[in-house]
Amino acid sequence: MTDAYESPKTALITGASAGIGLSFAHEFAEQGFDVVLVARREDKLNEIAAEIKARYGAMAYVIASDLSEADAPQAIFDTVAAKGIQVDALINNAGYAIDDGFAETTWDTHKRFIQVLNTSLVHLCHLFSEGMIERQYGRIINIASVAAFSPQYKGSLYGAAKSFVLDFSQAIDMELKGHNVFCTALCPGFTYSEFHEVMGTREAVNRLPKFLWMDSQTVAKEGYDAVMAGKPVYINGLVNQGMSQVMSALPLRVKQFLADKQTIFTD
Ligand SMILES: NC(=O)c1ccc[n+]([C@@H]2O[C@H](COP(=O)([O-])OP(=O)(O)OC[C@H]3O[C@@H](n4cnc5c(N)ncnc54)[C@H](OP(=O)(O)O)[C@@H]3O)[C@@H](O)[C@H]2O)c1
């Protein structure tokens, strides 16, 4: 992939205060990017920014933002523009899952979930892709999941939200790649992070075999390499690649049977 203009470039990473997003912040800084770190926990982001500046000599900016608020993407875009920063790489990583039933969960909880996982992600792509097209350089990584290929979990919006990210990312990659702007849907499987603490499923997933798990540094490194190579979809790790292929090939009735039988998060 060709570079349209000289470094330093800047990467904006959502959900940079923990887990995969934190690893993406380190990966992009190590590769010579300045970084803009976005999440709600400003104190954590400030600590991470100081560490990144010290370790890589990169500029590291902090924007405390709650992406479940509808006006957050525009506010992030305006803040970045006011600082005179051009965003060359956008990593839409912020996310979580809810472990309660669909009907028993309030509409406000569902609405905020869709806003974080889907609407804010699309809005940020829309806001930042214009400048990327103008400059004829851009890299976008949208974090989907192997859940986009898996049988559904009862009552959960998570698989549907990640399927949307998978499909949307491929659609915009087709439109943007002619401008040297590439979008990768990154599909991790089980990854060590704060995700399962937030979801309240740590005890249940700790029973899963070790070979199913990856560390967040490897997930981020593979994601960086995938977008720089212009791959529209990248599934992390051989185990996840194999399982996703099998799951994609399953007849719908088998997938539905497996969905009914799965008990990882319900035992
Ligand atoms: N871990 C896995 O097994 C796994 C597998 C497949 C896909 N994924 C996906 O990978 C991505 C990163 O997850 P992770 O595993 O790294 O989880 P994590 O360690 O819990 O990190 C989630 C990040 O998202 C941020 N975030 C959550 N809600 C937010 C909000 N309303 N506004 C702004 N930021 C928010 C959190 O920051 P604050 O709390 O500071 O706001 C945190 O930085 C997610 O999209 C997740 O769905 C994870």
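In each ligand, atom 1 is the first atom listed, and ligand 1 is the first ligand listed. Please read all numbers here as calculations on a predicted model, not as lab measurements.
For atom 19 (O) of ligand 1, the closest non-hydrogen atom of the protein is Glu194 N, 2.9 Å. The protein atom (non-hydrogen) at minimum distance from atom 6 (C) of ligand 1 is Pro188 O, 3.3 Å. Among protein heavy atoms, atom 16 (O) of ligand 1 sits closest to Ile20 N, 2.8 Å. Distance from atom 20 (O) of ligand 1 to its nearest protein heavy atom, with residue and atom name: Phe195 N, 3.2 Å. Looking only at protein heavy atoms, the nearest one to atom 32 (N) of ligand 1 is Leu67 N, 2.9 Å. Protein heavy atom closest to atom 28 (N) of ligand 1, with residue, atom name and distance, is Arg40 NH2, 3.3 Å. Among protein heavy atoms, the minimum distance from atom 3 (O) of ligand 1 is reached at Thr191 N, 2.9 Å.
More than 12 heavy atoms of other shown residues, nucleotides or ligands fall within 6.0 angstrom of atom NE2 in His110.
Within ligand 1, counting atoms from 1 as listed, the ones closer than 4.0 Å to a heavy atom of Arg41 are 37 (O), 38 (P), 39 (O), 40 (O). Close approach of ligand 1 to Phe190 (heavy-atom distance below 4.0 Å) involves ligand atoms 3 (O). Residue contact check: Ser17 has heavy atoms under 4.0 Å from atoms 36 (C), 37 (O), 38 (P), 40 (O), 42 (C), 43 (O) of ligand 1. Below 4.0 Å from some heavy atom of Gly19 lie the following atoms of ligand 1, by number and element: 16 (O), 19 (O). Contact atoms of ligand 1 toward Ala144: 7 (C) (distance under 4.0 Å to a heavy atom of the residue). The ligand atoms of ligand 1 that sit less than 4.0 angstrom from a heavy atom of Ser193 are 1 (N), 14 (P), 15 (O), 16 (O), 17 (O), 19 (O). Close contacts of ligand 1 with Asp66, meaning ligand atoms under 4.0 Å from a residue heavy atom, involve 30 (C), 31 (N), 32 (N).
You'll find the ring centres of Tyr96 and Phe113 inside the 6.0 Å limit. Between Phe28 and Tyr224, a ring centre-to-centre spacing shorter than 6.0 Å is recorded.
Considering all non-hydrogen atoms of both residues, Cys187 and Leu166 come closest at SG-CD1, 4.1 Å.
For Asn93, the closest heavy-atom approach to ligand 1 falls below 4.0 Å. Ligand 1 is approached by Gly189 to a heavy-atom distance shorter than 4.0 Å.
Residue contacts with ligand 1, taken as heavy atom pairs separated by less than 4.0 Å, involve Lys162 solely via side-chain atoms from C-beta onward. At a 4.0 Å heavy-atom cut-off, ligand 1 does not touch Ala97 at all. Only the side chain of His196 comes within contact range of ligand 1, with a heavy atom under 4.0 Å; no backbone atom does. Of all the heavy atoms of Val116, the ones lying under 4.0 Å from any atom of ligand 1 belong exclusively to the side chain. Contacts of Tyr158 with ligand 1, taken as heavy-atom pairs under 4.0 Å, involve the side chain alone. Contact annotation for Ser65 and ligand 1: only backbone heavy atoms (N, CA, C, O) come within less than 4.0 Å of the ligand.
The pair Lys53-Glu47 does not meet the salt-bridge criterion, since no charged nitrogen lies less than 4.0 angstrom from a carboxylate oxygen.
Using cut-offs of 30° and 60° on the angle between ring planes, the pair Phe168 and Phe164 is parallel. Classified by interplanar angle (parallel below 30°, tilted 30° to 60°, perpendicular above 60°), the ring pair Tyr192/Trp213 is parallel. Taking the six-membered ring where the residue is Trp, Tyr56 and His26 present perpendicular rings, their angle passing 60° and hence far from 30°.
From Thr109, atom OG1 reaches atom CD of Glu104 across 10.5 Å, with rounding to the nearest 0.5 Å.
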For this session: Check the pair Phe128, Phe77 against ring-ring contact (aromatic ring centres under 6.0 Å, His included), reporting the backbone distance first and the verdict last.
Result: CA-CA 8 Å; Phe128 285 110; Phe77 181 80; 5.2 Å; yes
For this session: Might you work through the side chain to side chain donor-acceptor pair (under 3.5 Å) test for Asp66 and Ser68, ending with a clear yes or no?
Result: CA-CA 5 Å; Asp66 184 346; Ser68 71; 2.7 Å; yes
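In this structure, a donor-acceptor pair under 3.5 Å is present between the side chains of Asn236 and Glu222. In this structure, a donor-acceptor pair under 3.5 Å is present between the side chains of Gln74 and Asp78. No hydrogens or angles considered: a donor-acceptor pair under 3.5 Å links the side chains of Gln31 and Glu27.
Geometrically, ligand 1 and Ile143 share no nitrogen or oxygen pair separated by less than 3.5 Å.
For atom 22 (C) of ligand 1, the nearest non-hydrogen atom from the set Ser145, Gly15, Ala94, Gly95 belongs to Gly95.
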